[in-house]
Amino acid sequence: MIALGIESTAHTFGVGIVEDKPPYIRADERVSYVPSKGGIHPKEAATFFLNNSLRVLNNALSEANLSIKDVDCIAVALGPGLGPCLRVGATLARALATYFNKPLVPVNHAVAHVEIGKLLTGLKDPLIVYLSGGNTMILAFSDGRYRVFGETLDIALGNFMDAFVRELGLAPPYIVDGKHKLDYCADEGSEFLELPYIVKGQDVSFSGLFTAAIKAFRSGKYRLQDICYSVREIAYSSIVEVSERGLIHTKKLELLVVGGVAASKALQEKFAVISRLRRVKLGIVPPNYAVDNGVMIAWTGLLTFKSGITIEPEKSYVRQRWRIDSVDIPWLS
Amino acid sequence: MVKLELLSSGAEAYLYKGEFLGYDVVIKHRVPKPYRDPRLDKLIRSERTLVEAKSMLLALSMGVKVPAILYVDLDSASIIMEYIDGILLRDWLPEIGEELRYRYLETLGNYVGRLHMNDLTHGDLTTSNVMVARDGELYIIDFGLARISEDIEDKAVDIHLMIRSLESTHYRLARKLLEPFLKGYEDIVGSDHLGKVLSKVKEIRLRGRYIEERRTRRDV
């Protein structure tokens, strides 16, 4: 069985093709919108997607050496994400499903990050730490769904890191050679500044840290590298702390880190330490699949389709705030 | 101090059972965490130890049951406190009948109301941080993330954490448990205050996160 998946929730437009047997991945094509200044502009990103969507689709099909007729279903990320971006993927998916008479399968973007992480790391029932531009969540499967055990009370970790280095004048671009500008800057720091470290229960919060760090930067009293080091140390440590709490609370024996921020080496080292300490198996999604991609949508679409879930094209609304714990996961039940 | 018996190794502290001045006690030691900078580690451990000891004394003065504090040492980030012979509410809830569940949650709401009326917030309010003693009395524990704060936001975070703990850990019972909790809370703080806190809870749950209720345009 073969699924084609379309991702267009934020800055990446991707088409992936997967099969339900090894080596699973038949095609992985993507393009990324990079803003020339500032953050992501949803309409600009959507226009960029539109102009590239057919080329990406055709490249994926030829990479897999398949025709669209060989595909068993069309999966699409209907959310969560940015409206204008989501609509590009949804429109293409509906058109393909309708014109070629293929079942359309709705996929939640967050569930897809988790499922591709599990496939590629071999973990079965992990506590999941999902860290990306728009998401900071501690998740675990329980009674039919991925339940949220902890999250950010204000901004997501990736968004925090981007906004911070932008404010410091270090970005865009935010990521160079797979490494975030905050990590580059922090690697050169050594002094530790006392900035707000906020953990509430199993939740984290970064807005207080952001404000205090910017204030420290503007005061001119500290080395930029030391500010970056302290900010990174505090932000990453608070995530690892709530992850450890989640492990104890859920009693899971595996720990999976997914999402774009999972690529950070400094963060990976902290997770390695805590996994040894707690004697749990650590899995970190490979960098290429930590970021948004069509393969994870295709793979999750395949699991969903095999569980008998499809959606009528006329009902396939995009859902900008489609929460992971509202999605039934029948393939695990 | 005589022999120590390890009771649990939680996320941030090891709990030992021992004897101190003739009492059965728990020694709570916040252990260093090798994943974070030692300077940050020291800061977090001594600050939380101090906050916990202070908050527990305050809670007692508000008529909320907590283990009595016997000794505090900030350098080693340790607290010696009264040993409560009991079970965590989290583990006890699934075992008991509806009536008893109702009573426990109502009492818990009552306790949290008293803390909040006195501007003390717990900061980690879950059913794992409440103990049911053998005599049936409830004790709130783990005040390391507590804060003295008049801010409605901090109080709302407590309620949000409680609701989420019910939703994620006791999802089958969540609704039935929340009602008595909020009733017990309201009995102390009044309906005005409850209304304010709940609308702040709603705001927190919608803020910048992916929540279905914050639906924008339903688009095709």
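Predicted model only: the values in this text are computed from it and were never measured. Order of the sequence lines sets the chain letters (A, B, ...), proteins ahead of strands, with each chain counted from 1.
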Problem set entry | Arg323(A) side, atom CZ; Arg205(B) side, atom CZ - distance, nearest 0.5 Å | 7.0 Å
Exercise. Looking at Tyr35(B) and Lys270(A), what are the two nearest heavy atoms and their distance?
Worked result: O-NZ, 2.7 Å
Exercise. Which atoms of Leu277(A) come close to chain B, meaning under 4.5 Å heavy atom to heavy atom: side chain ones, backbone ones, both, or neither?
Worked result: side chain
Problem set entry | Structural part of Leu125(B) lying under 4.5 Å from a heavy atom of chain A | neither
For this session: Against chain B, label Tyr197(A) side chain, backbone, both or neither, depending on which of its atoms sit under 4.5 Å from a heavy atom there.
Result: side chain
Problem set entry | Check: Val199(A) and Arg48(B) side chains under 4.5 Å, non-hydrogen atoms | yes
Exercise. What's the verdict on side-chain contact (heavy atoms from CB on, under 4.5 Å) for Lys33(B) and Val240(A), showing C-alpha distance, side-chain angles and the deciding distance?
Worked result: CA-CA 10 Å; Lys33(B) 292 289 173 185; Val240(A) 175; over 6 Å; no
Exercise. At a heavy-atom separation under 4.5 Å, does Thr126(B) approach chain A through its side chain, its backbone, both, or neither?
Worked result: neither
Problem set entry | Glu151(A) side chain near Arg164(B) side chain, heavy-atom distance below 4.5 Å | yes
Exercise. Chain B heavy atoms under 4.5 Å from Asp143(A): which part of the residue, side chain, backbone, both or neither?
Worked result: both
Exercise. Between Thr121(B) and chain A, which part of the residue has a heavy atom less than 4.5 Å away: side chain, backbone, both or neither?
Worked result: neither
Seminar exercise, completed: Turns out that what part of Glu12(B) lies under 4.5 Å from chain A's heavy atoms comes down to side chain
Seminar exercise, completed: Honestly, the part of Tyr236(A) sitting under 4.5 Å from a heavy atom of chain B is neither
For this session: Take Glu233(A) and Arg39(B), measure what salt bridge (charged side-chain N to carboxylate O under 4.0 Å, His left out) needs, and give me the verdict at the end.
Result: CA-CA 10 Å; Glu233(A) 191 57 32; Arg39(B) 293 163 288 188; over 6 Å; no
Exercise. Is it true that atom OH of Tyr14(B) has more than 12 heavy atoms of other residues, nucleotides or ligands lying nearer than 6.0 Å?
Worked result: no
Exercise. Where on Glu241(A) is there a heavy atom nearer than 4.5 Å to chain B: the side chain, the backbone, both, or neither?
Worked result: both
For this session: Could you tell me whether Glu82(B) atom CD has more than 12 heavy atoms of other residues or ligands within 6.0 Å of it?
Result: yes
Exercise. When rounded to the nearest 0.5 angstrom, what is the spacing between CG in Leu43(B) and CD1 in Ile234(A)?
Worked result: 8.5 Å
Seminar exercise, completed: For Arg90(B) and Lys251(A) the tightest heavy-atom approach is NH2-NZ, 3.3 Å
For this session: Determine the option with the most heavy-atom pairs under 4.5 angstrom with chain A, choosing from Asp124(B), Asp41(B), Asp158(B).
Result: Asp124(B)
Exercise. With a 4.5 angstrom heavy-atom cut-off, which part of Ser190(A) approaches chain B: side chain, backbone, both or neither?
Worked result: backbone
For this session: Give, for atom OG1 of Thr127(B) and atom NE2 of His249(A), the distance between the pair rounded to the nearest 0.5 Å.
Result: 6.0 Å
Exercise. Is Arg278(A) close to Ser9(B) at the side-chain level, that is, under 4.5 Å between some pair of heavy atoms?
Worked result: yes
Exercise. Can you find a pair of side-chain heavy atoms, one from Lys200(A) and one from Asp154(B), that are under 4.5 Å apart?
Worked result: yes
For this session: Search all heavy atoms of Leu40(B) against all heavy atoms of Ser237(A) and return the closest pair with its distance.
Result: CD2-OG, 3.8 Å
Exercise. Where does Leu145(B) contact chain A at under 4.5 Å (heavy atoms): side chain, backbone, both or neither?
Worked result: side chain
For this session: Hey, could you give me the OG/CD distance between Ser128(B) and Gln202(A), rounded to the nearest 0.5 Å?
Result: 7.5 Å
Problem set entry | All disulfide (SG to SG under 2.5 Å) counterparts of Cys85(A), not counting sequence neighbours | none
Problem set entry | Residue pair Asp325(A) / Glu167(B), side-chain heavy-atom distance below 4.5 Å | no
For this session: Sort Arg145(A) into side chain, backbone, both or neither according to what part of it lies under 4.5 angstrom from a heavy atom of chain B.
Result: neither
